[in-house]
Amino acid sequence: MKIESRTLPKKSVSFLSIFFFIILSFLVEARAKPHEIKIPLGLAWGDGVEKLEAMARPGGFSITQRQEISNKIILTVHGLLGTALQESLFFFQNNALIEIEYRYGDSSWKGPGYQEFFDAFRRMYDTKYGSGTQLIDMSSTRQKDLVISLTGYQWSDPSSILDLYYYSAALGEEHSYRLVSLHYKAP
């Protein structure tokens, strides 16, 4: 028994090649395209204070403070779920949501614990939104006995800006203030 080999006409081969490369380019583009930065809690930029207040009790969190500073209303919220989340601040201008800040920390962490938490967030957001832009890197600036560090990164898309900061101010290990802060902002 003799097996006959066939070759495809050149037109078919070139059509298949073009089709293959088109499909491959869509797959690569879909995989490489970063996710959209979504505003937490299903909120939208421009939502009013009333929407957050209405969500508080059913959402299991409470608004613990309301401040009016420089034409802005800042609501401090406690009770939102999140690893090491200490408090959340919601900023409104002209009764429109313009920023959400999450403040993270844990009294059991020392400096390296904060740095590891910050680095884990940064890697997660780099993976999700593409490489972040470093905004600031002020490592160990001394002012007399006070050692100050500040590192910040930013990710953005047409609908939102996401900033991540690590603040540290220390007079030795006994007297220190450290904070990881995450800011969602309207563009």
Side-chain angles (χ1 to χ4, degrees), residues 34-43 45 52-53 55-57 59-70 72-93 97-157 159-187:
H35 291 85
E36 177 185 350
I37 299 171
K38 295 191 188 257
I39 305 164
L41 302 175
L43 293 169
W45 300 127
L52 184 65
E53 290 171 335
M55 293 171 62
R57 187 171 302 271
F61 59 89
S62 58
I63 298 169
T64 58
Q65 187 175 14
R66 180 186 181 113
Q67 299 174 15
E68 291 190 37
I69 300 173
S70 301
K72 291 182 185 172
I73 296 173
I74 305 166
L75 300 181
T76 304
V77 171
H78 288 94
L80 292 175
L81 298 179
T83 303
L85 181 60
Q86 294 178 330
E87 67 182 1
S88 306
L89 303 175
F90 292 78
F91 296 81
F92 297 85
Q93 189 166 30
L97 180 65
I98 58 167
E99 181 177 353
I100 300 170
E101 177 184 356
Y102 290 131
R103 294 181 176 176
Y104 296 91
D106 189 310
S107 59
S108 69
W109 295 346
K110 300 296 180 203
Y114 277 89
Q115 188 65 53
E116 289 168 15
F117 187 81
F118 173 83
D119 288 340
F121 259 17
R122 185 181 52 77
R123 284 189 303 272
M124 177 181 71
Y125 292 130
D126 277 347
T127 300
K128 193 171 184 177
Y129 304 125
S131 294
T133 302
Q134 188 165 20
L135 298 175
I136 189 164
D137 184 15
M138 185 177 75
S139 300
S140 302
T141 300
R142 282 198 169 274
Q143 293 181 355
K144 295 189 180 184
D145 293 333
L146 183 65
V147 179
I148 301 170
S149 298
L150 172 62
T151 304
Y153 285 84
Q154 182 176 81
W155 298 264
S156 62
D157 68 18
S159 65
S160 295
I161 297 168
L162 182 63
D163 292 344
L164 176 66
Y165 294 101
Y166 169 49
Y167 305 93
S168 173
L171 281 168
E173 194 59 43
E174 300 299 316
H175 304 287
S176 62
Y177 174 78
R178 293 184 176 93
L179 176 72
V180 174
S181 177
L182 181 64
H183 302 251
Y184 289 85
K185 297 191 277 188

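Just so you know, residue 1 is the first one in the sequence shown, and it goes up from there.
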When rounded to the nearest 0.5 Å, the distance separating CE of M124 from CG of L164 is 8.5 Å

### Stepwise side-chain contact (heavy atoms from CB on, under 4.5 Å) test for Y166 and D119
CA-CA 9 Å; Y166 169 49; D119 288 340; over 6 Å; no

*Taking H183 for the side chain and D163 for the main chain, is one N or O donor matched with an acceptor at less than 3.5 Å?*
no

Taken to the nearest 0.5 Å, the spacing of K38 NZ from L162 CG works out to 14.0 Å

When rounded to the nearest 0.5 Å, the distance separating CG of D106 from OG of S108 is 3.5 Å

Here the pair of heavy atoms bringing I39 nearest to L43 is CB-O, 3.4 Å

Separation between CD1 (I73) and CD (E68), nearest 0.5 Å, reads 4.5 Å

Item to complete: Look at atom CD1 of I69 and say whether more than 12 heavy atoms of other residues, nucleotides or ligands are closer to it than 6.0 Å.
Response: yes

| task | For S159 and W45, test the side chains for any donor-to-acceptor distance below 3.5 angstrom and give the result as yes or no. | result | no

Centroid-centroid distance, Y125 to Y153, less than 6.0 Å: no

Quiz item: Does L41 reach the side chain of L80, with side-chain heavy atoms less than 4.5 Å apart?
Solution: yes

d(R122 CZ, W155 CH2) to nearest 0.5 Å is 7.5 Å

### Query
Considering only heavy atoms from C-beta outward, does the side chain of Y184 approach that of E99 to under 4.5 Å?
no

task = May I ask you to decide if the ring planes of F121 and Y104 are parallel, tilted or perpendicular, using 30° and 60° as cut-offs?
result = perpendicular

**Item:** Whether D157 side chain and E36 backbone form a donor-acceptor pair below 3.5 Å
**Value:** no

E101 and S181 have their tightest heavy-atom pair at OE2-OG, 2.9 Å

Would you check, one step at a time, whether the test side-chain contact (heavy atoms from CB on, under 4.5 Å) holds for E87 with Q65? CA-CA 11 Å; E87 67 182 1; Q65 187 175 14; over 6 Å; no

Closest heavy-atom pair, E53 versus R66, reported as atoms and distance to 0.1 Å, is OE2-NH1, 3.2 Å

Heavy-atom nearest pair, Y165 first then G152, reads CD2-CA, 3.6 Å

query = Below 6.0 angstrom between ring centroids: does that apply to F118 and Y114?
reply = no

Rounding to 0.5 Å, atoms CD1 (I161) and NZ (K185) come to a distance of 6.0 Å

Partner of F90 under side-chain contact (heavy atoms from CB on, under 4.5 Å), picked from L97, I63, I98, T76, is L97

Check: T151 main-chain N/O paired with D137 side-chain donor or acceptor under 3.5 Å = no

| said: Please evaluate residues Y129 and H35 with respect to the criterion side-chain contact (heavy atoms from CB on, under 4.5 Å), reporting the C-alpha separation (whole Å), side-chain torsions for both, the decisive distance (0.1 Å), and the verdict. | reply: CA-CA 5 Å; Y129 304 125; H35 291 85; 4.1 Å; yes

Can you tell if the side chain of Y102 reaches within under 4.5 Å of the side chain of P40, non-hydrogen atoms only? yes

